[in-house]
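See structure below.
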Amino acid sequence: MITLSETREISIEDILILYKANEWSSASKPNELYNGLLNSETLVTAWEGKKLVGLGNAISDGFLTVYYPHLLVLPEYQGKGIGKLILDKMQEKYKHFHMQMLTADGKSVDFYKKNGFERAGKTEPMWIYQGNEH
């Protein structure tokens, strides 16, 4: 049984297991990752008992715009609706916002399209990025 939480009582070790399992480069900066997640406006975690199996976070101005930087699920739990549960929880809070933004690539593009996101006109994603997984 999967439960969702907005607790900030989460260990850096649990977070690193999740990020390393998904091969996200931010795992190589554990303190920055941990502090970034804990300082997000919203942090939703998914648990099977005491095991962290997924998380998503949101950064927002609180009124008009929200950006969803991370949504991860342990690989062995993917395809079971956990990402959708996390995204639905975010939608409870942000569905009325003027703009909800995220960056999607690979197989996550189809997931987000199924959940109402679309390419933003003719925009191109742009960033200064210190990672290497893209």
Side-chain angles (χ1 to χ4, degrees):
M1 179 170 182
I2 302 299
T3 57
L4 296 183
S5 175
E6 290 190 46
T7 183
R8 304 296 167 126
E9 301 287 322
I10 180 172
S11 77
I12 193 168
E13 293 81 15
D14 287 341
I15 290 169
L16 289 175
I17 289 169
L18 177 61
Y19 278 73
K20 287 178 181 179
N22 283 283
E23 299 179 355
W24 278 40
S25 62
S26 51
S28 68
K29 297 180 178 182
N31 292 325
E32 292 85 349
L33 172 61
Y34 185 69
N35 288 318
L37 290 172
L38 293 186
N39 283 287
S40 298
E41 181 178 90
T42 303
L43 177 63
V44 176
T45 51
W47 303 84
E48 183 179 64
K50 294 186 179 201
K51 181 178 184 178
L52 177 67
V53 298
L55 70 73
N57 71 322
I59 299 169
S60 176
D61 59 19
F63 298 94
L64 190 67
T65 304
V66 61
Y67 176 67
Y68 304 114
H70 296 180
L71 177 56
L72 297 90
V73 174
L74 284 174
E76 63 268 27
Y77 287 81
Q78 291 175 8
K80 299 180 180 198
I82 297 168
K84 172 106 171 90
L85 287 173
I86 294 169
L87 191 57
D88 286 350
K89 187 72 172 170
M90 294 290 190
Q91 288 296 293
E92 286 178 24
K93 184 171 185 175
Y94 298 110
K95 67 182 174 187
H96 66 284
F97 274 45
H98 179 71
M99 184 170 31
Q100 299 178 58
M101 301 167 48
L102 56 83
T103 302
D105 74 345
K107 61 186 176 181
S108 69
V109 172
D110 289 336
F111 168 78
Y112 287 114
K113 282 183 177 179
K114 284 193 297 190
N115 286 283
F117 287 83
E118 59 186 43
R119 184 180 172 129
K122 295 180 181 181
T123 63
E124 290 291 330
M126 301 176 86
W127 58 18
I128 296 173
Y129 183 62
Q130 302 298 319
N132 61 10
E133 73 265 12
H134 298 280

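Values in this document were obtained by computation on a predicted structure and should not be read as measured data. Values below: every heavy atom of this structure, side chains too, minus hydrogens, waters and symmetry copies.
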Determine, step by step, whether F117 and Y68 satisfy the side chain to side chain contact (heavy atoms under 4.5 Å, CB included) criterion, reporting the C-alpha distance in whole Å, the side-chain angles of both residues, the deciding distance to 0.1 Å, and the verdict.
-> CA-CA 12 Å; F117 287 83; Y68 304 114; 3.8 Å; yes

With a 4.5 Å limit on heavy-atom distance, are the side chains of L33 and I12 in contact?
->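 No. Closest side-chain heavy atoms not under 4.5 Å.
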
Derivation and outcome, side chain to side chain contact (heavy atoms under 4.5 Å, CB included), residues L52 and I17 = CA-CA 9 Å; L52 177 67; I17 289 169; over 6 Å; no

[atom1] of [X] to [atom2] of [Y]: how many Å apart, nearest 0.5 Å?
| X | Y | atom1 | atom2 | value |
| --- | --- | --- | --- | --- |
| E9 | D14 | CD | CG | 12.0 Å |
| T45 | R8 | OG1 | CZ | 9.5 Å |
| L18 | K51 | CG | NZ | 10.5 Å |
| L4 | L55 | CG | CG | 11.0 Å |

Passes side chain to side chain contact (heavy atoms under 4.5 Å, CB included), W47 versus V53? Steps please.
-> CA-CA 5 Å; W47 303 84; V53 298; 5.8 Å; no

What are the two closest non-hydrogen atoms of [X] and [Y], and how far apart are they?
| X | Y | value |
| --- | --- | --- |
| L37 | H70 | CD2-ND1, 4.0 Å |
| W24 | P69 | CH2-O, 4.2 Å |
| S40 | G36 | OG-O, 3.0 Å |
| A104 | Y112 | CB-CD1, 3.6 Å |

Are the side chain of [X] and the backbone of [Y] linked by a donor-acceptor contact shorter than 3.5 Å?
| X | Y | result |
| --- | --- | --- |
| T123 | R119 | no |
| T42 | N57 | no |
| Y34 | L16 | no |

Which side-chain N or O atoms in residues 74-88 pair as donor and acceptor under 3.5 Å with protein atoms at least two apart or in another chain?
unit_1 : atom_1 : unit_2 : atom_2 : d
Y77    : OH     : E48    : OE1    : 2.5
Q78    : OE1    : K107   : NZ     : 3.3
Q78    : NE2    : N22    : OD1    : 3.0
Q78    : NE2    : V73    : O      : 2.8
K84    : NZ     : D88    : OD1    : 2.9
K84    : NZ     : D88    : OD2    : 3.3
K84    : NZ     : N115   : OD1    : 3.3

Q100/M90 under side chain to side chain contact (heavy atoms under 4.5 Å, CB included): CA gap, chis, key distance, verdict | CA-CA 10 Å; Q100 299 178 58; M90 294 290 190; over 6 Å; no

Check whether Y19 and I59 end up in the same hydrophobic cluster, where Ile, Leu, Val, Met, Phe, Trp and Tyr are linked by side-chain heavy atoms less than 4.5 Å apart.
->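 They do not share one cluster, since no chain of ILVMFWY contacts under 4.5 Å joins Y19 to I59.
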
Are V109 and L71 connected in a single hydrophobic cluster, I mean Ile/Leu/Val/Met/Phe/Trp/Tyr linked by side-chain heavy atoms less than 4.5 Å apart?
->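 They do not share one cluster, since no chain of ILVMFWY contacts under 4.5 Å joins L71 to V109.
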
Who else is in M99's hydrophobic cluster (ILVMFWY, side-chain heavy atoms under 4.5 Å, direct or via others)?
->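 Traced through the cluster, M99 reaches Y67, M101.
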
Using the six-membered ring wherever Trp is involved, compare the ring planes of W127 and Y129 and label them parallel, tilted or perpendicular (cut-offs 30° and 60°).
->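 The arrangement is parallel - the two ring planes meet at less than 30°.
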
